[in-house]
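Here's the structure we're looking at; comments come further down.
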4 protein chains.
Amino acid sequence: MSTSTDQPERHAPDAALGQRAPDLVCELCRLFYDMGWASGTGGGIAIREGATLYMAPSGVEKEKLQASDIFELELDGAIRRAPQDGARLTACAPLFMAAFSHRNAGAVLHSHSLDVVMASALVPPGQPLRLTRLEMMKGLEGVGYFDVHEIPVIDNTALEHQLRDRMERAVIDWPKANAVIVRNHGVYIWGRDASHAKTQAECLDYLCRAKVRLHAAGIDHTANDRSQPDDAD
Amino acid sequence: MSTSTDQPERHAPDAALGQRAPDLVCELCRLFYDMGWASGTGGGIAIREGATLYMAPSGVEKEKLQASDIFELELDGAIRRAPQDGARLTACAPLFMAAFSHRNAGAVLHSHSLDVVMASALVPPGQPLRLTRLEMMKGLEGVGYFDVHEIPVIDNTALEHQLRDRMERAVIDWPKANAVIVRNHGVYIWGRDASHAKTQAECLDYLCRAKVRLHAAGIDHTANDRSQPDDAD
Amino acid sequence: MSTSTDQPERHAPDAALGQRAPDLVCELCRLFYDMGWASGTGGGIAIREGATLYMAPSGVEKEKLQASDIFELELDGAIRRAPQDGARLTACAPLFMAAFSHRNAGAVLHSHSLDVVMASALVPPGQPLRLTRLEMMKGLEGVGYFDVHEIPVIDNTALEHQLRDRMERAVIDWPKANAVIVRNHGVYIWGRDASHAKTQAECLDYLCRAKVRLHAAGIDHTANDRSQPDDAD
Amino acid sequence: MSTSTDQPERHAPDAALGQRAPDLVCELCRLFYDMGWASGTGGGIAIREGATLYMAPSGVEKEKLQASDIFELELDGAIRRAPQDGARLTACAPLFMAAFSHRNAGAVLHSHSLDVVMASALVPPGQPLRLTRLEMMKGLEGVGYFDVHEIPVIDNTALEHQLRDRMERAVIDWPKANAVIVRNHGVYIWGRDASHAKTQAECLDYLCRAKVRLHAAGIDHTANDRSQPDDAD
C-alpha cells in the first residue's frame, strides 16, 4: 500500500497509510463518537508510533479533537509534549499503559459502549465474560467459532486511575484475551496497530450486543446449533 | 484554543471556538435532530452569550434553522430581535428561563429523547429518577459512580408554558441536579455553556437508555457489582 | 424566508424555500431511506405543486432517484409526463390520490417503518391505533396530550392497488386522522406540504416506536402519570 | 439511463450507471459497513461483469477498500489478477461461486447482520426460516404477501471454506430462495446485479429484524390480520 499522505481522508484511518498519529487519534475519536462509544466526554484511544505514545486530553468532547490537542508520551508514560492550552492528560493513561507495557499493543481503545456495559452486568462476580458459537468471534485475534473465549471483567472504582492495579493484573492473568471489561463502565481493548484495535473493538461490541439482545429476547443461540468442530464437507 | 472564526465547521460547535451563538443554535439543532431528540418540530436549545439569550422559533423543523431564524432576548426574557418572517418564539422559552435565572446556565437544551421518556414512565409519582453505579454518571456535573443521583420528574401539562411553575420549583428544589425530566414528554438540561449542556444531555440520554434497556432485559446491573466506594488498588 | 433557489442544499427540503418539486421528491426519498422507511425499493412520496402531482417510479431504489426519474400527473391522476426510460409509475399512486382528493393534501408519504408495522400488529381487528399521553402527539395536526387519538388500521391486500377502496373509506371515515396504517405493511400519511407531511411522519414514527418499545419492556406509561387536562400552574 | 462515468458519486452504486465494477465493490462495502453488516473485517460482496468476477481481499477493513485492492477472477473461480500487496482472496470465494455457478447471480453479498444471526438462532435444526404476511416480503424476488416463504439455514463450520458443500446443496435444494443463511454467522444473498443483490439484502435484513423484534416483544403479527389472499376492493 502507498505511504503517501495525500490519500483521500476517508481511506486514511490507518497508520499503515502514512497518516500522522495525532490526526489518526482525532479521526478515530470522531468515528467512536459516531458509534456511541465516546459520547459525553467519555472514551478515548492511545496510539504508539515508534518510541512515542499519543493520547487525548481529559474531559473534552472527543469528536472535536484536533491534532494540536494530543499529548505525546514516552514509552514509560512520561509526558514529552502537552498541548499549550493547559489540558490535562486523559485519566485513562495508566490503564492504556498496562496494554502497551505487558502486551506490546500498538494501540489501545477505551469505549463506553452500552452493549459492553450491559453484557458486563450479566457476568457473575469473579468470572469472565464467555463467548461461544458466534462467527464474529473469529474477528478477535486467535479465536475460533467453537472456542469458549473468555474476557476478564473487573469491578469499577470511584476514580479511573484507581483501576490501574486491577487492570494490570487482568492483562497479565488473561494472556489469551486482548481486552479487559470494566463492569458498568466499558472496555479497554487493544491491537497491534490502530486499525487492528478498531476491528477488535468492533467485533467485541457486536458480540456483546448479540449477548445482550439474545438474553433480552430469551433466545439461546446454541440450542439449535448442531455443528461440530470437526465438521467439513 | 484559537478564537478564529474560520475553523473548519465540524470542529466549531462550541462558543469557545468563536462561533457566533445563532449559528451554534442551528448547528446543535441539526445534531440533536440526527440524535432523534428533535424530530417532528420538537426539542430546541437556548444559549446565553453575554447579556443576550438566543432561542429558536416555535413549530419549525429544527434541523433546517438558519442564523436569521433565531430570536434574541434580554436576560429577563423580553424579545430584543425577532426574525422578519413573523415566526413565534419557542413555547419552551419560559422553561429555559428557569435555568438561566436560578442556576446561571450558559445554555439549556430541551430534548424529546424517547429513552428519557421511557425512563420517566418508570418513575413512581412524586419521586425522582434515581441513578447509581454507572460510569457515565461521572460525565454529569458533580456526580460520582457510587452516588445515588436524583433527577426530578414533573408531570406534563396540556400546554408547554403551563409547565413553568412546576419547572421553576423543581429547579429550585433539586439544586444538585442540572436537569428536569417532564414525564412522557422529555427533558430540560443545562450547563455552563453550549458544549457543556450538550455533553450533559449525551450522558443523561445514555443513562436513561441504560435504565430502560436494563429494565426491558430484566437485568439488575447492581447485582453482580462487588465494588465499594473506598476501593483503591 | 427567502425564495432564492441557491440556498445551500441541506436547508432546502421544503417547497417554501423554492426548491423544485422533483428535486424535493428525490431529496426526501434519500432522507426516508436513511431513516429506514424506504429500504429495498419500498416507500415513497408524492408532492402536489399547483395543478401537478409529482411521484416516484415503481420498484427502484428510492435513495438513488434523480429529478428526471419523477412522474408528473394531473390532479385527477392522469400521467402528464413519464420518464424516458420506460419506468412504471409507483403502485402507490391510487393510494396517494385518496389523500389528495379527499383531504386536500399537499404531500403524501408512504413508509415501511418497522416501528409502525409492529405497532399495527398490536391493534385488534376493526379497531384503530390509539395514542394518549405522549407529548409527541402534539406534533400531529390538531392533537393534544390528553386526547385519545385514533388512527385507522386497514388490513393488507396481495397487491397495492387493491388497497384503494379500503384506503379511501378510511380516509373519509376518520377525518381527524391524517394517516392510514396498513397492517404488517406500513403507513400513508399526509400534510399541507412536503415539510408538514415529513414532520407528521416523524411524529407518528416516534409514537409507534414508543408504543412498541413500551409494550416490549412491559411498561404502562400512563400508570404513574397523575397529570390532568386542566392542570395549570 | 446514461452510461457516463461522471455521474455524481452518490447516484452511482449500480453497474447499470456505468460505474466500474471494482469501484462498485468498494462503494457497496462502505455502505454495508455503515449498515452494520461488515464491521470488524467481516462481510463482503462479489460482482460479475461479463466474464469476470470481482471480489474483495480477506481480513481487511471492508469500508476502506480501494479499487486497486479488488481481485479479478475467471468465471470458474481462477484468479486472473491479484492486488500487488500480497493480499489473500476472501475466504468467501467458494461460497460466492455457488450462486454464480448454479443460479446465474450477477452479484452475491455476504453479511454478518446481527438481525439475521438472531433470526437464525430461532430456527429448529433442519428447518428453513419461514416468513409470511409482511409486506416487505414482496421486495424479495418472486415472493408475495400471503406466501410462506422459506429460506434455507445451514449450520456453521470452523472455517469458511468448509461451508462450500453445504452451501452448494442448499443453493440447489431451495430454488425459490435467493439466499442461504448460515446459523450464528450471517447470510449469503444474491441478485441479477449489484443493485438487485443490495435490495434483496435490505429486504431480508428488515424481515429478520421484524422476526426477532416481534419475538422479543411477544407479538404474533398474524394474530390480528384478517386479510385473505383473494381480497380485492
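Letters A, B, ... are given to chains in the order of the sequence lines, protein chains preceding strands, and every chain is numbered from 1. Just so it is clear, the values below take in all heavy atoms, side chains as well, and ignore hydrogens, waters and symmetry mates.
With 3.5 Å as the limit, one finds a donor-acceptor pair spanning the side chains of E202(D) and Y33(C). Checking E135(D) against N156(C) by side-chain atom types alone, a donor-acceptor pair falls below 3.5 Å.
To the nearest 0.5 Å, atom CZ of residue R183(C) and atom OG of residue S227(D) are 8.5 Å apart. Interatomic distance, L114(C) CG to L207(D) CG, rounded to the nearest 0.5 Å: 9.0 Å.
Across N224(D) and A121(C), no two heavy atoms sit closer than the pair ND2-O, 2.9 Å.
Contact tally against chain C (heavy-atom pairs below 4.5 Å) for T199(D), L140(D), D34(D): the top residue is T199(D). Between chain C and the options D205(D), L134(D), L204(D), heavy-atom pairs under 4.5 Å are most frequent for L134(D). Each of P83(C), S39(C), S120(C), P125(C) has some count of heavy-atom pairs under 4.5 Å with chain D, and the biggest count is that of P125(C). With chain D as partner, the option from I154(C), V117(C), L122(C) having the largest number of non-hydrogen pairs under 4.5 angstrom is L122(C).
Contact annotation for Q127(C): neither backbone nor side-chain heavy atoms come within less than 4.5 Å of a heavy atom of chain D. When heavy atoms are compared at a cutoff of 4.5 Å, I219(D) approaches chain C solely by way of its side chain, counted from C-beta outward. At a 4.5 Å heavy-atom cutoff, the contact between V123(C) and chain D is made by backbone atoms alone.
Residue M118(C) forms a side-chain contact (heavy atoms from CB on, under 4.5 Å) with just one option from R213(D), R209(D), H221(D), and that option is R213(D).
The neighbour count for R81(C) CZ, taken as heavy atoms of other residues, nucleotides or ligands under 6.0 Å away, is above 12.
K138(D) places a side-chain N or O within 3.5 Å of a backbone atom of A158(C) that can act as its donor or acceptor partner. Side-chain atoms of Y145(D) do not come within 3.5 Å of backbone N or O of H185(C) as any donor-acceptor pair.
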